[in-house]
Amino acid sequence: GAGVSQSPSNKVTEKGKDVELRCDPISGHTALYWYRQRLGQGLEFLIYFQGNSAPDKSGLPSDRFSAERTGESVSTLTIQRTQQEDSAVYLCASSFGVGLTGELFFGEGSRLTVL
Amino acid sequence: AQRVTQPEKLLSVFKGAPVELKCNYSYSGSPELFWYVQYSRQRLQLLLRHISRESIKGFTADLNKGETSFHLKKPFAQEEDSAMYYCALNGGATNKLIFGTGTLLAVQP
């Protein structure tokens, strides 16, 4: 595709339910990032993939959060037993290769609302 | 700890006025700094990076290591500059950007 694609664009769920958020990076981009943006706050780093490996999971806020990437392509962020504080926009970004040029290409985000 | 601070949530200026969006960082080594921008209904995108020393859409930013700042400047604001601006830091071997909380620039006609 032409850009990073995320789905769903909007998700409303009830507290305690599990959700899956999907990211399709730009073809050929080996690095993939997940960020979270709560209302009125900056982008909070969650996890980074190089290929299918996640060398940096330091930003995952709790063990309810997990992510995987397969085929050096699609990534899924899973939030189990959602809480109201998980409500945020979840942004995915991808970039070329190892080593950061600074240009991350972002998706439009998945807006999660936990009731 | 690596941190990026953008002290202004909102900056409102008139068209033609100079603009300065403030960014301060905390990092003990040699940082790489960037400005990202998000226009209304568009994706977050790179505006400029300090290593390029470039001017994009009339914006420039100079890294001041003494003051640990990377302020974004434009001499004459245009209405189309209205957007959310994020300062970001890459602090070393980790391949991740640390973002500030962003500043909303509103350019009034």
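Reminder, nothing fancy here: chain letters follow the sequence lines and each chain counts from 1. FYI, side chains are in, hydrogens and waters are out, and symmetry mates aren't considered; it's all heavy atoms of this structure.
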same_hphob_cluster(B:Met84, B:Leu46) at 4.5 Å side-chain heavy-atom cutoff: yes
Salt bridge present between B:Lys57 and B:Glu80 (N-O < 4.0 angstrom): no
Chain B contact via A:Glu44 - which portion, at a heavy-atom distance below 4.5 Å: neither
Close contacts, residues 105-115 of chain A versus chain B, judged by heavy atoms under 4.5 Å: A:Phe106, A:Gly107, A:Glu108
Exercise: identify the closest heavy-atom pair between B:Phe14 and B:Ala77: O-CB, 4.3 Å
Lys/Arg N to Asp/Glu carboxylate O, B:Lys22 vs B:Glu20, below 4.0 Å: yes
A:Gln50 and A:Thr30, any side-chain heavy atoms less than 4.5 Å apart: yes
Least distance between heavy atoms, A:Ser58 atom then A:Phe45 atom: OG-CE2, 3.9 Å
NZ/NE/NH1/NH2 to OD/OE distance under 4.0 Å, A:Asp18 and A:Arg81: no
Neighbours of chain B found in residues 5-14 of chain A - heavy atoms under 4.5 Å: none
OH (B:Tyr39) with more than 12 external heavy atoms under 6.0 Å: yes
Proximity of B:Tyr36 and B:Phe99 rings by center, below 6.0 Å: yes
Salt bridge flag under 4.0 Å for residues A:Asp86 and A:Arg64: yes
